[in-house]
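Counting starts at 1 for both ligands and their atoms, in listed order.
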Amino acid sequence: MTDRTFLAIVLAAGEGTRMRSTTPKVLHEIAARPMVAHVLATARAAGATAIAAVVGPNADAVAKVATKAGADEIFVQADRLGTAHAVLRAREAIARGVDDVVVLYGDTPLVEAATIGRVRARLATGADVVVLGFETDAPTGYGRLLTEGERLVAIREEKDATDAEKAVRLCNSGIMGLSGEAALSLLEAIGAANAKGEYYLTDAVEIAVARGLEAAAVIGDEEEFLGVNDRVQLARCEAVFQTRRREAAMRAGVTLIAPETVVFAADTVIEADVTIEPNVVFGPGVRVASGARIRAFSHLEGASVGEGATVGPFARLRPGAELGRDVHVGNFVEIKNGKVAEGAKVNHLTYIGDATIGPKANIGAGTITCNYDGFGKYLTEIGAGAFVGSNSSLVAPVKIGDGAYVGSGSVITKDVPADSLAVARGKQSMIEGWATKFRARMAKLREKR
Ligand code: UD1
Ligand code: CA
């Protein structure tokens with residue numbers, strides 16, 4: 001990597017009307033992470049030494065998310081007067097002095113750090129303006145890159161282009177690098193004499209060329225520059241992200257039996273030699289350790305799965321579920337805020353909420369921890385090697401001691417000492433021969449009819 005300083009400016013002031021949403025566009029999520037947070041993470045991964053985000057008026061929510069995702073400074077663009085106007089809101093940050101400035105869009109979430117690295121590399125070899133372009137068969141709506149041989153001479157916006165210029169298939173992704181030295185003076189020279197009456201960032205190219213500075217294009221892959229203006233494009237970006245993520249997981253040693261059916265969150269961590277069966281969904285905050293198997297149709301969120309554990313099919317791990325090594329969590333089991341220690345089994349039809357389960361404990365089918373009384377949440381503690389019989393209700397707060405047994409169908413409201421048996425259900429009563437007599441009586445009644 002280079003030791004050049006790098007200011008990333010992320011434009012996030014768009015209105016996003018076509019999303020038809022009360023949520024600002026850049027807060028819509030790709031892989032359970034707001035779009036703008038993807039861009040900020042990428043900027044950081046590309047080596048940004050400072051990140052400025054430009055947000056619209058009344059965009060406190062965007063500012064908050066951007067700050068949490070790593071923006072050092074937030075600037076507000078009160079009137080949307082164009083991309084150059086937006087970049088100039090961050091004047092203060094640019095004026096501090098920096099080697100590389102790169103402008104990114106908050107609604108273009110798939111750009112990769114390596115691609116930004118290529119823009120910076122071109123700045124480092126002396127270019128003053130570097131534009132990331134791509135070839136496309138559908139150029140309508142994009143600014144066209146006008147070149148003379150190797151040199152980039154201008155960018156023409158669709159609305160200002162002649163027919164000959166419209167025929168150009170080399171388009172502007174919107175991502176632009178500027179040398180820190182020239183940036184402010186180029187941006188300040190941009191006017192609004194064009195079809196839209198906006199301050200076009202793209203005009204920086206022509207201005208640089210007129211001044212005898214060097215402008216260059218770096219070409220990337222169209223897919224990486226997919227922007228989001230509506231929910232159809234949001235879904236398209238999601239699909240691209242998921243495809244990349246699945247491939248990365250498989251290359252890192254994770255088996256995906258039907259990769260196209262597994263949905264990752266941006267922060268999912270899966271170690272090598274994990275197998276993921278079809279139709280598994282990862283929400284944010286999941287870690288899965290080596291050797292684990294996540295069986296079909298499971299949903300995990302805010303959970304960690306220990307080495308060699310198995311989860312599902314049809315299991316739900318909610319925030320705070322922590323499974324130790326070799327734990328088994330089976331079908332139709334839900335675990336929320338529950339620590340399940342090494343080798344314990346919770347195999348069928350169970351709800352574990354606000355609980356700790358000791359090593360090698362066995363939780364029978366249909367066990368429910370009754371953790372909530374409508375006001376507070378209470379803890380259930382189950383000891384090492386304890387055995388909870390099927391269809392038991394454990395009414396928290398309550399403790400089941402190490403090695404204790406709970407008889408099936410019990411409603412446990414008092415602590416159970418270690419190595420004892422608790423049975424809390426109606427006693428079984430028997431009447432010998434009752435069924436024989438009953439059937440005889442019924443047969444007689446039928447004859448009479
Ligand atoms: C822009 C480029 C175009 C490029 C295209 C790629 C200009 C003049 N044109 O066009 O060459 O092909 O992106 O998608 O730069 N924004 C603000 N404040 C503003 C205006 C825009 O923050 O005042 C933000 C938007 O939220 C968006 C981005 O800048 O994230 C691009 O703005 P948009 O108006 O969509 O530009 P395009 O017309 O698509
Ligand atoms: Ca756009």
Undergrad: Before you tell me yes or no, could you show the steps for Tyr372 and Asp354 under side-chain hydrogen bond (donor to acceptor under 3.5 Å, both in side chains), namely the whole-Å CA-CA distance, both residues' side-chain angles and the distance that decides it to 0.1 Å?
TA: CA-CA 9 Å; Tyr372 184 51; Asp354 303 301; over 6 Å; no
Undergrad: Indicate yes or no: does Arg151 engage Glu148 in a salt bridge with an N to O separation below 4.0 Å.
TA: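 A salt bridge is present here (some side-chain N lies under 4.0 Å from a carboxylate O).
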Undergrad: Using non-hydrogen atoms of the residue, decide whether Cys171 is closer than 4.0 angstrom to ligand 1.
TA: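 Contact absent.
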Undergrad: May I have the step-by-step check of side chain to side chain contact (heavy atoms under 4.5 Å, CB included) for Val327 and Lys345, ending in yes or no?
TA: CA-CA 6 Å; Val327 161; Lys345 291 182 179 164; over 6 Å; no
Undergrad: Out of Thr83, Asp79, Asp107, indicate the one that has the non-hydrogen atom closest to atom 32 (O) of ligand 1.
TA: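 The option holding the nearest heavy atom is Thr83.
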Undergrad: Distance to the ring centre below 6.0 angstrom and angle to the axis at most 45 degrees; does that hold for Arg89 and Phe75?
TA: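 Output no; distance or angle outside limits.
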Undergrad: Atom NZ of Lys377 and atom CG of Asn337: how far apart are they, to the nearest 0.5 Å?
TA: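 Spacing of NZ (Lys377) from CG (Asn337) equals 8.5 Å.
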Undergrad: Look up atom CE in Met35 and atom CG in Leu110, then write down how far apart they are to the nearest 0.5 Å.
TA: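 Rounded to the nearest 0.5 Å, the CE-CG separation comes to 10.0 Å.
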Undergrad: Using a 3.5 Å cut-off on N or O atoms only, is Gly141 in polar contact with ligand 1?
TA: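 For ligand 1, there is no N or O atom that lies under 3.5 Å from one belonging to Gly141.
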Undergrad: For Gly143, counting its heavy atoms only, list the atoms of ligand 1 lying under 4.0 Å from any of them.
TA: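 Within the 4.0 Å cut-off of Gly143, ligand 1 contributes 3 (C), 4 (C), 11 (O), 12 (O).
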Undergrad: Just let me know how Lys196 lines up against ligand 1, side chain, backbone, both or neither, with a heavy-atom cut-off below 4.0 Å.
TA: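 Only the side chain of Lys196 comes within reach of ligand 1.
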Undergrad: Taking 4.0 angstrom as the limit and counting only heavy atoms of Tyr200, give me the atoms of ligand 1 inside it, by number and element.
TA: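 Here the atoms of ligand 1 in question are 8 (C).
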Undergrad: Given His85, Arg80, Gln77, which has its nearest heavy atom closest to atom 21 (C) of ligand 1?
TA: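 Heavy atom nearest to atom 21 (C) of ligand 1 belongs to Arg80.
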Undergrad: Check the angle between the aromatic planes of His38 and Phe241 and answer parallel, tilted or perpendicular using the 30° and 60° thresholds.
TA: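 Rings of His38 and Phe241: perpendicular, as their planes differ by over 60°.
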Undergrad: What do we get for Ala86 next to ligand 1 when only non-hydrogen atoms under 4.0 Å count, side chain, backbone, both or neither?
TA: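 The answer is the side chain.
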Undergrad: Applying a 4.0 Å heavy-atom criterion (strictly less than), which segment of Leu81 is in contact with ligand 1: side chain, backbone, both, or neither?
TA: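 The answer is the backbone.
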